[in-house]
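Okay, structure first, notes after.
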2 protein chains.
Amino acid sequence: MSQFDNVSVIKEANVYFDGKCVSHTVIQADGTRKSVGVILPAKLVFNTGAPEIMELLAGQCRVTLAGETESKTYGGGQSFDVPGNSSFEIEVTETLHYVCHFG
Amino acid sequence: MSQFDNVSVIKEANVYFDGKCVSHTVIQADGTRKSVGVILPAKLVFNTGAPEIMELLAGQCRVTLAGETESKTYGGGQSFDVPGNSSFEIEVTETLHYVCHFG
């Protein structure tokens with residue numbers, strides 16, 4: 001599915017790292033929050049509160065989870081899990097379009 | 001209202017000008033399309049197809065419509081109209097959060 005239906009959208013975006021990451025919050029009918037966003041080519045470290053599933057729609061990146069030494073490469077159509085209260089380093093090599101699922 | 005309710009959202013973002021402008025398309029229950037987005041500090045020229053109303057949620061910019069010589073300054077809580085099949089130059093001086101209404 002290329003779209004979410006029957007949702008609410010927060011009009012104002014979330015802007016991180018001087019705009020290298022821009023997302024919008026989407027609230028599903030059951031109250032679940034997700035975000036849809038873009039990460040531009042850059043090397044960034046994100047911290048997590050809740051566990052996250054990063055579903056990649058398009059683009060390419062290398063991800064190193066906290067405590068790991070080797071990075072893994074992911075692209076459109078793939079996803080990766082991040083534990084809660086953790087962090088991950090992401091090197092985006094091709095603009096990344098994603099849906100972030102929490103919890 | 002800080003959010004749209006009962007809408008569809010296209011998951012993949014629209015990325016313009018190397019990411020200086022990132023928006024997501026929102027489809028209202030009646031089929032009307034709008035976009036919610038961000039423009040980072042930059043001086044850009046946008047072309048319009050349909051007429052647009054740019055509703056500014058936050059930020060600051062100077063806008064010069066095609067055929068005009070003087071710019072006007074707009075900020076959060078304000079909006080400006082752009083004719084169809086035209087263009088406008090926008091100089092964003094503080095990251096702009098907007099809703100774009102078409103037609």
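Any value given below was found using the heavy atoms of this structure, including those in side chains, with hydrogens, waters and symmetry copies removed. Chain naming here is simple, since letters A, B, ... match the order of the sequence lines and numbering starts at 1 in each. None of these values were measured; they are calculated from a predicted model.
The same ILVMFWY cluster, assembled from side-chain heavy atoms under 4.5 Å apart, contains both M54(B) and F17(B). L56(A) and Y16(A) fall within a single hydrophobic cluster, where Ile, Leu, Val, Met, Phe, Trp and Tyr are joined by side-chain heavy atoms under 4.5 Å apart, directly or via other members. Each of V22(A) and V92(A) belongs to its own hydrophobic cluster when Ile, Leu, Val, Met, Phe, Trp and Tyr are linked at side-chain heavy-atom distances under 4.5 angstrom. A single hydrophobic cluster is not seen to contain both I53(B) and F88(B); linkage of ILVMFWY side chains at heavy-atom distances under 4.5 Å, directly or through other members, places them apart. The cluster map of Ile, Leu, Val, Met, Phe, Trp and Tyr, joined by side-chain heavy atoms under 4.5 Å apart, puts V82(A) and I90(A) in the same cluster.
Dense packing is recorded around CG of N14(B), with more than 12 heavy atoms of other residues, nucleotides or ligands lying under 6.0 Å away.
Grouping Ile, Leu, Val, Met, Phe, Trp and Tyr residues whose side-chain heavy atoms lie under 4.5 Å apart, directly or via other members, places I10(A) in a hydrophobic cluster with I27(A). Alongside V45(A), the hydrophobic cluster contains no other residue (criterion: ILVMFWY side chains under 4.5 Å).
Within residues 36-44 of chain B, the residues approaching chain A closer than 4.5 Å by heavy atoms are, in numerical order, V36(B), G37(B), V38(B), L40(B). Heavy-atom proximity under 4.5 angstrom to chain B picks out L57(A), A58(A) from residues 57-81 of chain A.
When all heavy atoms of M1(B) and K11(A) are compared, the closest pair comes out as O-NZ, 3.0 Å.
Both the backbone and the side chain of V7(B) have a heavy atom closer than 4.5 Å to some heavy atom of chain A. Proximity to chain B (any heavy atom under 4.5 Å) is shown, for V9(A), by both the backbone and the side chain.
Taking 4.5 Å as the limit, every side-chain heavy atom of T25(A) sits out of range of all side-chain heavy atoms of Q3(B).
Remark: side-chain polar atoms of H97(A) are not paired, donor with acceptor, to backbone N or O of E12(B) under 3.5 angstrom.
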